Amino acid sequence: MSIRTLDDLLAEGVSGRRVLVRADLNVPLDKQSGAITDDGRIRAVLPTLSALTGAGAKVTVCSHLGRPKGAPDPQFSLRPVADRLGELLGTAVHFATDTVGESARSTVDGLADGEVALLENLRFNAGETSKDEAERGAFADQLAVFGEAYVDDAFGAVHRKHASVYDVAARLPHFAGRLVLREVEVLSTLTGEPERPYVVVLGGSKVSDKLAVIEALLPTVDRLLIGGGMCFTFLKAQGLEVGTSLLEEEMVETCRNLMERAPGKIMLPVDVVAADAFAPDAAHDTVRADGIPSHRLGLDIGPETVAGFAAALKGARTIFWNGPMGVFEMAPFAHGTRGVAEAIAGSGAFTVVGGGDSAAAVRALGLDESSFGHISTGGGASLEYLEGKTLPGIAALEN
Ligand SMILES: Nc1ncnc2c1ncn2[C@@H]1O[C@H](COP(=O)(O)OP(=O)(O)O)[C@@H](O)[C@H]1O
Ligand SMILES: O=C(OP(=O)(O)O)[C@H](O)COP(=O)(O)O
């Protein structure tokens with residue numbers, strides 16, 4: 001990568017200078033209490049932030065959280081993240097209650113050397129994710145005011161052509177943070193000649209995002225195991241009924257084509273845990289994949305599927321896993337994710353886990369993080385990187 005790094009910036013000297021850092025602080029929150037359930041993404045950015053504060057920079061951090069619709073939405077406020085970031089850094093983090101307005105300007109202006117500010121959720125502003133270049137650019141202009149230099153350490157968002165990821169870099173001297181560099185270094189080992197068999201395991205809920213990636217990955221992998229919310233669109237494409245499970249009707253045809261193109265490569269669940277409702281106390285049963293009752297939804301893969309997936313993972317030399325196999329946040333639907341995670345950890349292969357929720361699942365289920373080769377903070381980002389796509393956030397750093 002011909003890009004300048006945080007070390008290059010530090011070598012220039014940052015004492016007393018304003019540095020804008022894009023981080024991916026999109027952490028999972030408890031639906032009821034709003035509390036942070038896994039702070040892995042906050043911890044992952046600490047090396048970059050500590051290096052900057054230690055060198056006396058005035059650091060302004062920006063991030064998205066969830067997918068608010070371009071306007072303030074209290075359930076997606078970054079305030080709890082500011083508190084947690086402060087605890088982890090061991091210093092108060094000044095929180096701006098808007099992103100580029102009066103609060104942001106006065107908070108950043110008030111920073112002393114070595115202090116940190118966190119701006120409110122970038123996605124409270126329509127300009128952040130706009131497809132209109134001028135609208136994105138106008139928002140990027142407002143953000144760029146907060147830095148004399150820009151550091152991108154938001155690996156989980158480098159696949160997004162968003163104002164804070166892409167457009168700001170064009171407006172300021174730009175540098176890659178420690179996390180971005182580390183992620184790219186590890187993932188690049190999978191884009192060359194991974195040791196075979198190379199098995200990819202996909203799950204989670206961002207179905208349409210990932211279907212495009214499957215298309216590109218399919219020729220390069222030996223086996224693709226699909227569980228989680230992903231699998232129902234594939235099961236439907238096989239002509240099965242999926243009840244009220246997560247389904248992207250408009251992608252059914254794409255899934256059918258994918259399966260026809262690579263017969264035998266894609267492995268789907270043969271049994272699923274089907275529930276009455278999306279709730280931890282919902283009545284549920286394990287049913288055959290071709291017997292999901294019309295009023296029920298699949299919230300986990302079943303035990304026979306776990307055993308089949310584990311067998312397919314056994315001889316693998318390289319494994320990439322993105323996306324939980326079920327709604328692991330609810331105990332009755334966590335068995336599939338646990339079973340597959342254990343099979344991956346015990347496989348002896350070089351293993352990479354990617355994705356905010358997948359990494360959170362590893363920790364939430366009490367699995368030993370060190371039994372995985374690399375735990376990436378980005379799911380979509382790592383998949384698109386593996387696909388060989390030019391990622392907007394990386395391209396912006398290269399320019
Ligand atoms: N069968 C399912 N139905 C609905 N949601 C699911 C299902 N299986 C997994 N999920 C959800 O998918 C979410 C993670 O998806 P995703 O964001 O794609 O993963 P990652 O962050 O690891 O890339 C989890 O919150 C999990 O509850
Ligand atoms: O959670 C994220 O991605 P991931 O779920 O693919 O790991 C990133 O924060 C990007 O979020 P987005 O998919 O809403 O752009």
Side-chain angles (χ1 to χ4, degrees), residues 22-31 37-38 40-42 44-45 63-69 76 81 121-123 128-129 154-162 164-165 183 201-211 213 226-235 242-248 269 272-275 277-280 282 284 289 292 296-302 305 320-337 340-341 352-364 375-385 391-393:
R22 174 52 157 110
D24 180 356
L25 304 177
N26 182 22
V27 290
L29 302 175
D30 183 88
K31 285 197 176 63
T37 54
D38 183 82
R41 279 187 169 153
I42 308 178
V45 81
S63 174
H64 71 285
L65 177 71
R67 291 179 168 176
K69 304 267 176 284
F76 295 116
V81 173
N121 197 335
L122 289 158
R123 293 185 185 173
E128 167 66 359
T129 58
F155 179 74
V158 288
H159 60 315
R160 302 292 182 213
K161 195 173 184 179
H162 292 169
S164 66
V165 178
E183 295 268 22
V201 186
L202 284 184
S205 57
K206 293 180 181 173
V207 182
S208 43
D209 274 11
K210 291 174 190 174
L211 284 176
V213 181
I226 297 182
M230 294 280 297
C231 71
F232 301 101
T233 307
F234 280 89
L235 292 174
V242 297
T244 57
S245 307
L246 195 67
L247 175 68
E248 296 213 13
V272 301
V273 181
F278 191 90
H284 59 275
I292 302 174
R296 286 199 156 183
L297 74 169
L299 293 182
D300 197 8
I301 57 174
T305 303
F320 177 83
W321 168 37
N322 167 251
M325 294 291 101
V327 183
F328 73 94
E329 298 92 335
M330 303 177 190
F333 313 113
H335 302 291
T337 303
V340 169
V352 176
V353 182
D357 288 299
S358 310
V362 165
R363 290 184 282 265
I375 300 188
S376 170
T377 52
S382 52
L383 279 168
E384 289 195 23
Y385 184 87
L391 303 180

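Order of appearance sets the numbers: ligands from 1, and atoms from 1 within every ligand. Since we're looking at a predicted model, the values are computed, not measured.
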- [ ] Drop me the distance from Leu246's CG to Phe278's CZ, to the nearest 0.5 angstrom.
- [x]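 Spacing of CG (Leu246) from CZ (Phe278) equals 9.0 Å.
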
message = Would you compute the distance between atom CG of Leu122 and atom NE2 of His162 and round it to the nearest 0.5 angstrom?
response =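 One finds 10.5 Å between CG of Leu122 and NE2 of His162.
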
Under 3.5 Å donor-acceptor, [X] side chain and [Y] backbone:
X: Thr37; Y: Pro28; answer: yes
X: Arg41; Y: Asn26; answer: yes
X: Ser245; Y: Gly298; answer: yes
X: Ser205; Y: Gly229; answer: no

Between Arg41 and ligand 2, which part of the residue brings a heavy atom under 4.0 Å of the ligand: side chain, backbone, both or neither?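 Contact part for Arg41 vs ligand 2: side chain (C-beta onward).
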
Any nitrogen or oxygen of [X] lying under 3.5 Å from a nitrogen or oxygen in ligand 2? Just yes or no.
X: Gly378; result: no
X: Arg123; result: yes
X: Lys210; result: no
X: Arg160; result: yes

Identify the heavy atoms of [X] and [Y] that sit nearest to each other, and give their distance.
X: Val242; Y: Phe232; value: CG1-O, 3.6 Å
X: Phe76; Y: Pro68; value: CD1-CB, 3.7 Å
X: Ala289; Y: Pro269; value: CB-O, 3.4 Å
X: Thr377; Y: Ala44; value: CG2-CB, 3.7 Å
X: Ile42; Y: Val27; value: CG1-CG1, 3.8 Å
X: Trp321; Y: Ser358; value: CH2-O, 4.4 Å

Nearest candidate to [atom], where distance is taken over non-hydrogen atoms, out of [options]:
atom: atom 14 (O) of ligand 2; options: Arg67, His159, Lys206; answer: Arg67
atom: atom 12 (O) of ligand 1; options: Ala360, Ser205, Ser358; answer: Ser205
atom: atom 6 (C) of ligand 1; options: Val327, Asn26, Val207, Leu247; answer: Val327

- Query: If you measure from each heavy atom of Gly356 to ligand 2, is any distance below 4.0 Å?
  - Reply: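 For ligand 2, residue contact (heavy atoms, under 4.0 Å) with Gly356 is present.
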
key: Asp357 near ligand 2 by a heavy-atom separation under 4.0 Å   =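 The answer is no: ligand 2 sits nowhere under 4.0 Å from a heavy atom of Asp357.
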
Contacting atoms of ligand 2, where contact means under 4.0 angstrom from a heavy atom of [X]:
X: Gly156; answer: 8 (C), 10 (C)
X: Gly355; answer: 7 (O)
X: Asp24; answer: 8 (C), 9 (O)
X: Gly380; answer: 4 (P), 6 (O)
X: Gly379; answer: 4 (P), 6 (O), 7 (O)
X: Asn26; answer: 1 (O), 2 (C), 8 (C), 9 (O), 11 (O)

What protein heavy atom sits nearest [atom], and how far off is it?
atom: atom 11 (O) of ligand 2; result: His64 NE2, 3.2 Å
atom: atom 23 (O) of ligand 1; result: Asn322 ND2, 3.0 Å
atom: atom 17 (O) of ligand 1; result: Asp357 OD2, 3.2 Å
atom: atom 9 (C) of ligand 1; result: Gly326 O, 3.2 Å
atom: atom 7 (C) of ligand 1; result: Gly229 N, 3.4 Å
atom: atom 25 (O) of ligand 1; result: Glu329 OE2, 2.5 Å

Can you list the ligand 1 atoms lying under 4.0 Å from a non-hydrogen atom of [X]?
X: Leu299; value: 1 (N)
X: Lys210; value: 16 (P), 18 (O), 19 (O), 23 (O)
X: Phe232; value: 1 (N)
X: Gly298; value: 1 (N), 2 (C), 3 (N)

>> side chain to side chain contact (heavy atoms under 4.5 Å, CB included) for Asn322 and Lys210? Distances and angles first, verdict last.
In response: CA-CA 10 Å; Asn322 167 251; Lys210 291 174 190 174; 2.7 Å; yes

Notebook entry, point to check: Are any of the heavy atoms in Phe333 under 4.0 Å away from ligand 1?
Noted result: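 Checking ligand 1 against Phe333, which is what was asked, there is no heavy-atom contact under 4.0 Å.
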
Handout entry: Whether Met330 lies under 4.0 Å from ligand 1, heavy atom
Key =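 False for this residue.
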
Query raised in the report: Do the side chains of Val273 and Pro332 get nearer than 4.5 Å, heavy atoms only?
Result: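 No, too far: nothing below the 4.5 Å cut-off.
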
Just wondering, do Thr129 and Arg160 contact through their side chains at under 4.5 Å, heavy atoms?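 Not in contact.
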
**Request:** Answer yes when Arg22 and Glu128 have at least one side-chain N-carboxylate O distance shorter than 4.0 Å, and no when they do not.
**Result:**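 Here Arg22 pairs with Glu128 in a salt bridge, since their nearest N and O are under 4.0 Å apart.
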
Go through the steps for Glu183 and Ser382 under the test side-chain hydrogen bond (donor to acceptor under 3.5 Å, both in side chains), then give the verdict. CA-CA 8 Å; Glu183 295 268 22; Ser382 52; over 6 Å; no

Check your understanding: Using heavy atoms and a threshold below 4.0 Å, how should the contact between Asp209 and ligand 1 be classified: side chain, backbone, both, or neither?
Key ->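 Neither; no heavy atom under 4.0 Å.
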
